[in-house]
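Input: a single structure, listed below in structure tokens.
Both ligands and their constituent atoms are indexed starting at 1 by order of listing. In what follows, every heavy atom counts, from backbone to side chain, and hydrogens, waters and symmetry copies are set aside.
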Amino acid sequence: MNVIVCTDYAEMSRKAADIISDLVAAKPDCTLGLATGSTPLGLYAELVKDHRAGKISFKDVDTFNLDEYRGLDPDHVQSYRYFMRTNLFDQVDIDQSRTHVPDGSNPDADAACAEYEAAINAHGGVDLQLLGLGHNGHIGFNEPSDCFASATNCVDLTESTITANSRLFDSIDQVPTQAYTMGIGTIMSAKKILVVANGQDKADIVARAFFGPVTPQVPASILQFHPDVTVVLDQAAASQCPTE
Ligand code: GLP
């Protein structure tokens, strides 16, 4: 695991954007696994800048997002499809038909999840999977559990996740209680993994996830077993990591 500690959020965002930009430049038809949340906003803004500066084109890139709320249709302002359009897809030259987000509007959870997993497999997998980190160690929406879920599945969100994500909704009762998410197995199948985390409030979970025991109670800890993981942190998020 390669851990890169940056001075601040801006440097973290630029460093993470460089890793994605370099991949897109080297392999213009790469497949990116994308994430939502506040953490990647800065790096998406940097990718948009790189595109506008003529450094990268997304026209041959395919994308698969990690997750989507169950029950929100793609035009809902809190849907992850809407988030991706606003923060990246509508601002670059990507072919929207090559972008994939689980279908939160499909009430048939088994079908929606099976279709998504099959689409990723039929496509040949993901070259680089971007991940943020939930405060409880969730990746995608894989919440702490007694076992690691392998494929795309429907999860019940924990109270802490609902509370954390309610900041983006008008009220907590509007936050969906379930989501469709790539499984831990889906995530671990990506060739490369890039994790971003910033802020003091992530310091404890960063230390537990990357330097503590591997356990499904801290889903991100499984990443310690992946052969190609880069973790980009700001100083605050790295502040509880052991020093050599
Ligand atoms: C959500 C998403 C995760 C994301 C997490 C952290 O629950 N499903 O993919 O990593 O939030 O979000 P933030 O970056 O806002 O802390």
T181 contact mode with ligand 1 (heavy-atom cut-off under 4.0 Å): neither
Non-hydrogen atom of G140 closer than 4.0 Å to ligand 1: yes
G132: numbered ligand 1 atoms lying under 4.0 Å from its heavy atoms: 10 (O)
Proximity flag H135 to ligand 1, non-hydrogen atoms under 4.0 Å: no
Atom 2 (C) of ligand 1 [closest protein heavy-atom partner, distance rounded to 0.1 Å]: Y80 OH, 3.8 Å
Taking atom 12 (O) of ligand 1 as the reference point, the nearest protein heavy atom with its distance: G37 CA, 3.9 Å
Protein contact to atom 5 (C) of ligand 1 [nearest heavy atom, distance to 0.1 Å]: H138 NE2, 3.6 Å
Closest to atom 14 (O) of ligand 1 (judged by heavy-atom distance), picking from L34, T39, D201, N198: T39
Stepwise side-chain contact (heavy atoms from CB on, under 4.5 Å) check, C241 with T243: CA-CA 6 Å; C241 293; T243 45; over 6 Å; no
D8 and Q235: side chain donor to acceptor below 3.5 Å: no
Candidate pair V155 and Q178, rule side-chain contact (heavy atoms from CB on, under 4.5 Å), full reasoning: CA-CA 5 Å; V155 291; Q178 290 186 310; over 6 Å; no
Test ring-ring contact (aromatic ring centres under 6.0 Å, His included) applied to H123 and F64, step by step: CA-CA 10 Å; H123 185 75; F64 286 89; 5.4 Å; yes
Residue, atom name and distance, where the atom is the protein heavy atom closest to atom 6 (C) of ligand 1: L133 O, 3.6 Å
For atom 4 (C) of ligand 1, the protein heavy atom that lies nearest, with its residue and separation: T36 O, 4.0 Å
Aromatic ring proximity Y80/Y69, centre distance under 6.0 Å: yes
Worked check of salt bridge (charged side-chain N to carboxylate O under 4.0 Å, His left out) between D127 and K191: CA-CA 5 Å; D127 289 305; K191 293 191 187 85; 3.1 Å; yes
Side-chain donor or acceptor of R81 paired with backbone N/O of D75 under 3.5 Å: no
Any donor-acceptor N or O pair under 3.5 Å, side chains S145, Q217: no
Donor-acceptor pair between N165 and Q78 side chains, under 3.5 angstrom: no
Residue part near ligand 1, for A35, under 4.0 Å between non-hydrogen atoms: neither
Ligand 1 contacted by R167 (non-hydrogen, < 4.0 Å): yes
Proximal ligand 1 atoms for D67, defined as those under 4.0 Å from one of its heavy atoms: 2 (C), 8 (N), 9 (O)
For atom 16 (O) of ligand 1, the protein heavy atom that lies nearest, with its residue and separation: K202 NZ, 2.7 Å
